[in-house]
There are 2 protein chains.
Amino acid sequence: MRRAQVLRDALEQDIVTGKFRPGDRLDEQSLAARFEVSRTPIREALMQLASTGLVELQARRGAFVASLSFKDVVERFEVMAALEGMCGALAARRITEAMQRELEKAHEDCVREASQENADAYYYANERFHHVIYEACQNIFLAEQAQQLHARLKPYRRLQLRARSRVANSLAEHQGIVDAIHAGDSDRAERLLREHILIQGERLADFIASFDRAA
Amino acid sequence: MRRAQVLRDALEQDIVTGKFRPGDRLDEQSLAARFEVSRTPIREALMQLASTGLVELQARRGAFVASLSFKDVVERFEVMAALEGMCGALAARRITEAMQRELEKAHEDCVREASQENADAYYYANERFHHVIYEACQNIFLAEQAQQLHARLKPYRRLQLRARSRVANSLAEHQGIVDAIHAGDSDRAERLLREHILIQGERLADFIASFDRAA
DNA sequence: AAGCGATTTATTGTATACAAGATTGTTGAC
DNA sequence: GTCAACAATCTTGTATACAATAAATCGCTT
């Protein structure tokens with residue numbers, strides 16, 4: 001695999017996990033020294049990350065870890081709602097039986113993990129649930145776009161408090177979505193998924209607004 | 001402005017206008033010689049174009065003008081429908097009076113140009129109409145995503161025959177959309193815009209399917 | 001002492017040189 | 001005549017050197 005790809009993944013990981021924080025400067029030379037490569041593949045990696053919106057390139061000023069304002073986050077969740085709603089609508093019409101089983105299994109996993117106290121395990125089960133829906137829509141491009149935006153919002157989701165009450169509501173919403181897709185009711189699937197995402201967005205925006213003094 | 005940016009625009013123009021055709025190889029050296037720069041900014045420009053999906057980078061194989069298959073086009077129009085539908089829904093709730101006037105003016109321009117025989121002028125008036133809707137949604141990120149995908153599909157739209165009957169229908173649809181947004185009916189605006197885009201996608205996909213023997 | 005300006009310094013942007021891998025052409029054997 | 005293997009060549013990927021621009025510091029003037 002190309003070095004720049006490896007560097008891209010490493011940098012992405014460092015940003016997502018919070019090693020680099022929003023607003024941090026990403027100096028090419030320092031990164032080159034740290035990863036023991038030249039500036040060329042570093043620059044390539046930074047440009048790729050810029051295209052996904054994870055870093056911001058300022059002309060002749062360098063690269064910075066992008067920081068989303070309150071408004072930015074709300075905006076992205078609105079787009080996420082549109083994309084994921086469309087995934088649900090298409091999935092309700094097109095989902096295969098195999099995918100249907102996977103979706104039900106993913107939902108069951110969410111329920112099981114929620115009953116445990118392991119917040120991370122629930123987080124990943126929830127992520128899996130949504131990824132199954134992305135794939136179930138049978139539109140590769142749509143699934144890619146949804147996954148990309150989902151990933152872009154990941155560092156912000158990790159900030160979120162695991163409110164137990166929200167988890168219970170979330171599971172109920174998941175059940176409704178599974179039912180709608182199973183029934184082939186594309187309108188209901190779309191509406192429920194859209195609301196599910198927008199609620200998450202509002203919760204997260206509130207949380208960010210209370211912490212993000214930089215914005 | 002950075003050279004790479006200029007090169008990016010120039011290459012994009014050449015691809016969109018059909019100077020380079022889907023599947024064409026984009027040799028770094030040739031491009032560097034043609035634009036009288038080194039390979040470095042050429043590579044940067046190609047990577048940026050790859051991030052928008054206009055060119056495809058194959059590892060150790062080079063860059064090629066991306067060619068969308070029948071399925072690819074249909075998929076992108078489905079996403080376009082979701083994004084533009086959301087734009088319409090939000091615009092119906094949030095549009096300013098100034099934007100409302102711009103939208104009506106853009107629609108009137110479409111009607112006027114349609115009555116003339118200048119296909120290009122109608123094409124640009126139509127483009128303007130959709131761009132106003134993107135901006136009217138008051139979600140900058142959503143507007144950017146919609147514009148980017150719109151631009152990505154541009155070279156394929158240019159292939160399309162200007163069927164007069166389709167233009168008449170299109171104008172009627174535009175009128176319905178303007179009315180729905182004006183009435184603040186977000187559900188109707190979303191549904192009408194979505195259908196408007198999906199119809200275009202189907203038309204275009206039929207056309208491409210009859211020509212694109214490579215796919 | 002404070003503010004403005006020039007010079008220095010550091011960092012990005014571009015060019016070129018080098019290395020690694022892929023493609024293609026040629027040559028030989030079957 | 002065809003297929004395969006090897007070699008030559010061409011192209012991408014990376015490193016380094018150089019140029020240009022923006023930030024910062026130091027000095028001068030008021």
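Numbered from 1 within each chain, the chains take letters A, B, ... in sequence-line order.
Side-chain proximity of A/R60 to D/dT11, C/dG13, D/dT14: nearest is C/dG13. Checked against C/dT12, C/dA15, D/dT14, the side chain of B/R3 finds its nearest nucleotide in C/dA15. The side chain of B/A4 lies closest to C/dT14 when the candidates are D/dT12, C/dT14, D/dT14. Here the side chain of B/R25 is nearest to one of D/dT11, C/dG13, C/dT11, namely D/dT11.
The residues A/E108 and A/R101 are annotated as not salt-bridged, no charged nitrogen and carboxylate oxygen being separated by less than 4.0 angstrom. Using a 4.0 Å cut-off between charged nitrogen and carboxylate oxygen, A/E12 and A/K154 do not count as a salt-bridge pair.
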Which side-chain N or O atoms in residues 44-57 of chain A pair as donor and acceptor under 3.5 Å with protein atoms at least two apart or in another chain?
residue	atom	partner	partner atom	Å
A/E44	OE2	A/R2	NH2	2.3
A/S51	OG	A/Q48	O	2.7
A/T52	OG1	A/L49	O	2.8

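Note: CG (B/D27) to C1' (D/dT12) measures 10 Å, nearest angstrom. Here D/dA15 presents its P atom at 13 Å from CZ of A/F35, a figure rounded to the nearest Å. Spacing between atom CD of A/Q5 and atom C1' of D/dT12 amounts to 14 Å, rounded to whole angstrom units. If you take CZ of A/R2 and P of D/dT14, they are 6 Å apart, rounded to a whole angstrom. The distance from atom CG of A/L57 to atom P of C/dG13 is 8 Å, rounded to the nearest whole Å. Taking atom CD of residue A/E44 and atom P of nucleotide C/dT12, one finds them 17 Å apart after rounding to whole Å. Rounded to whole Å, atom P of C/dT11 lies 12 Å from atom CZ of A/F64. Taking atom CD of A/Q29 as the reference point, atom C1' of D/dC18 lies 14 Å away to the nearest angstrom.
Looking only at side-chain heavy atoms (C-beta outward), B/E102 and B/E135 stay at 4.5 Å or farther from each other.
Distance alone, capped at 3.5 Å, places no donor-acceptor pair between the B/N126 side chain and the B/Y123 backbone.
A/R39 contributes a side-chain N or O that forms a donor-acceptor pair with the base of C/dG13 under 3.5 Å.
Phosphate proximity of D/dT14 to A/T40: absent, as no side-chain N or O sits under 4.0 Å from OP1 or OP2. Not one side-chain nitrogen or oxygen of B/R43 sits closer than 4.0 Å to the OP1 or OP2 atom of C/dA15.
A/R61 comes within 4.0 angstrom of sugar-phosphate atoms only, judged by non-hydrogen atoms across all strands, and of no base.
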